[in-house]
J.: 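Following this message is one structure expressed as C-alpha cells.
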Amino acid sequence: QSGEVAANPEQYDESYLCPVQVGQTTLNLDFDTGSADLWVFSTLTPKSESTGHSLYNPSTGTKKSGYTWDISYGDGSGASGTVYADKVVVGGVTATSQAVEAATSVSSQFEQDTDNDGLLGLAFSSINTVEPQAQKTFFDSVKGSLAKPLFTADLKKGAAGTYDFGYIDSSKYTGSISYVNVNTANGFWEFTASGYAVGSGSVSGSVGDAIADTGTTLMYLPTTVVQAYYNKVDSADYDSNQGGYTYDCSENLPNFLISLGGKTFTVSGTDINFAPVDSSGETCFGGIQENTGIGMSILGDIFLKSVFVVFDQTQSTPRLGFAAQ
Ligand SMILES: N[C@H]1[C@H](O)[C@@H](Sc2ccccc2)[C@@H]2OC[C@H]1O2
C-alpha cells in the first residue's frame, strides 16, 4: 500500500497537523520524527484537560491490559496513559492493529494547543515509552506492506505540505536527492551534517551530529555556528528573558547554507524569521537558536520547510535523503 496525507501548519508554522483516523474518529496529529509514541487525546483524558480537542474513544479498540506509557519531551511537555490496539489510517495507509496510546493526563502545553489532538511518532520504535513492552510506531507497523519501506516529508512555509508513505513523488523536489547514513543508536533519525555558511559563499566548518525532527519548530545548532549567524544581523542580541536570539522584525535576515551528503542546501532568511515575541511586532525571535544542553543539533521545521526529505529504510542501514523543494 501507499498514501499521502496533508500536513497543515499552525500559526507561525509552530507545528504541522495531519488528519488521522484512529478507530472511528479522525484526529489532527503532530507527526514527530523525533519521538516514537502514537498518543491521542481520549475520552479517558480529564475534561479539564481535553476541552476543544477531538477525542479517541477506546471502546472501538482492544485494551492492552496492564500496559501504560509516559513520555516527556525535550521542551518539558509530556503526557501519559493506557494502551489499546485499534485501526489507524493515514492517507489511506492502514495499520489494522496499531498500538494507540490513550492519554489519561497531558501537560499544559498540550491542553492549550487545541489544534493538536496528539502525536504520531516516526522515530525508531526502540524509544517507544510503553511498558512492559515497547510498541511499534505506525511506520514500523505498516513498513512491510508499503510499496517501498520509506516515507517522505514535504513541509511548507505557511501552507499545507504532505507526508507520503511508500513512495517518492518526484514532482515534489528539484535536482537530485543527496543521502546520508543514519545512526539509530539513540532512536532518532540522526546523522552528521557538514559545513555551513552564512549569507552566501562556500561552506566550511562542521555542524556535526544532528537529528531531523519534524516535531521541533526551530533549528538548534552549535553555539559557534549560531554566533556566526547573528553576527551578520545588526540588531541581534541574546535575550535571556526570551531564551534566545532576538532582533528587530524590520531587519532582513541572511540565508543559512548547510552541506548534507555532499550537497549544499539554502535556508532562506525569510524562513529563519520565526515570529514576533509579542503583539507589538517590533522584536522577533530567530528560527536558528543554540543547541546548548541538547547534546546534538536539531534540524526542525525551519530547516525542513526548505527541503524534501526521504526517511528511508530500503537499505540495511537507514538513511536520510535531502533534495531542494
Ligand atoms: N520532537 C519534539 C516534539 O514533537 C515536541 S512535543 C510537542 C509539545 C508541545 C506542542 C507540540 C508538540 C517537543 O518539542 C521538541 C520535541 O519535543
J.: What distance separates Y179 OH from K263 NZ, expressed to the nearest 0.5 Å?
T.: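 With rounding to 0.5 Å, OH (Y179) is 12.0 Å from NZ (K263).
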
J.: Counting only heavy atoms not in Q24 (residues, nucleotides, ligands), do more than 12 fall under 6.0 Å from its CD?
T.: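 Counting other residues, nucleotides and ligands, CD of Q24 stays at 12 neighbours or fewer.
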
J.: Show every donor-acceptor pair shorter than 3.5 Å between a side-chain atom in residues 189-199 and any protein atom, with sequence neighbours excluded, or say none if there are none.
T.:
| residue | atom | partner | partner atom | Å |
| --- | --- | --- | --- | --- |
| W189 | NE1 | L122 | O | 2.9 |
| E190 | OE1 | N186 | ND2 | 2.8 |

J.: When the side chains of residues 97-104 are checked against the rest of the protein, which donor-acceptor pairs come out under 3.5 Å, sequence neighbours left out?
T.:
| residue | atom | partner | partner atom | Å |
| --- | --- | --- | --- | --- |
| Q98 | OE1 | S141 | OG | 2.6 |
| Q98 | NE2 | K136 | O | 3.0 |
| E101 | OE2 | N128 | ND2 | 3.0 |
| T104 | OG1 | S80 | O | 3.4 |

J.: Side chains of residues 312-325: which donor-acceptor partners sit under 3.5 Å, not counting sequence neighbours?
T.:
| residue | atom | partner | partner atom | Å |
| --- | --- | --- | --- | --- |
| D312 | OD1 | T314 | N | 2.6 |
| D312 | OD1 | T314 | OG1 | 2.6 |
| D312 | OD2 | T314 | OG1 | 3.3 |
| D312 | OD2 | R319 | NE | 3.1 |
| D312 | OD2 | R319 | NH2 | 3.3 |
| Q313 | OE1 | K143 | NZ | 2.9 |
| Q325 | OE1 | K156 | NZ | 2.9 |
| Q325 | NE2 | D154 | OD1 | 3.2 |
| Q325 | NE2 | L155 | O | 2.8 |
| Q325 | NE2 | K305 | O | 3.2 |
| Q325 | NE2 | V307 | O | 2.8 |

J.: Return the set of residues passing side chain to side chain contact (heavy atoms under 4.5 Å, CB included) with N183 (not counting sequence neighbours), or none when no residue passes.
T.: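 Scan of N183 (side chain to side chain contact (heavy atoms under 4.5 Å, CB included), adjacent residues dropped) gives A185.
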
J.: Any chance you could lay out the side-chain contact (heavy atoms from CB on, under 4.5 Å) test for S54 and F41, step after step, and finish with the verdict?
T.: CA-CA 7 Å; S54 297; F41 277 81; over 6 Å; no

J.: May I ask you to decide if the ring planes of W39 and W69 are parallel, tilted or perpendicular, using 30° and 60° as cut-offs?
T.: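 The rings of W39 and W69 lie parallel, inter-plane angle below 30°.
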
J.: Without swapping roles, check the side chain of S107 against the backbone of G78 for a donor-acceptor pair under 3.5 Å.
T.: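 Judged by distance alone, yes, a pair lies under 3.5 Å.
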
J.: Is the closest side-chain heavy-atom distance between L260 and I258 below 4.5 Å?
T.: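 Yes, their side chains come closer than 4.5 Å.
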
J.: Taking only distance into account, with no hydrogens and no angle test, what donor-acceptor pairs under 3.5 Å do side-chain atoms of residues 280-287 form with protein atoms, sequence neighbours excluded?
T.:
| residue | atom | partner | partner atom | Å |
| --- | --- | --- | --- | --- |
| S280 | OG | D278 | OD1 | 2.5 |
| S280 | OG | E282 | N | 3.3 |

J.: Can you tell me which residue pairs pass the salt bridge (Lys or Arg N to Asp or Glu O under 4.0 Å) test with a partner in residues 69-91, sequence neighbours excluded?
T.: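 Residue pairs passing salt bridge (Lys or Arg N to Asp or Glu O under 4.0 Å), neighbours aside: none found.
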
J.: Using 0.5 Å steps for rounding, measure from the OG atom of S15 to the CG atom of D301.
T.: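 These two atoms lie 7.5 Å from each other.
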
J.: Do NZ/NE/NH1/NH2 and the carboxylate oxygens of E4 and K172 come within less than 4.0 Å?
T.: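 Yes, E4 and K172 are salt-bridged.
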
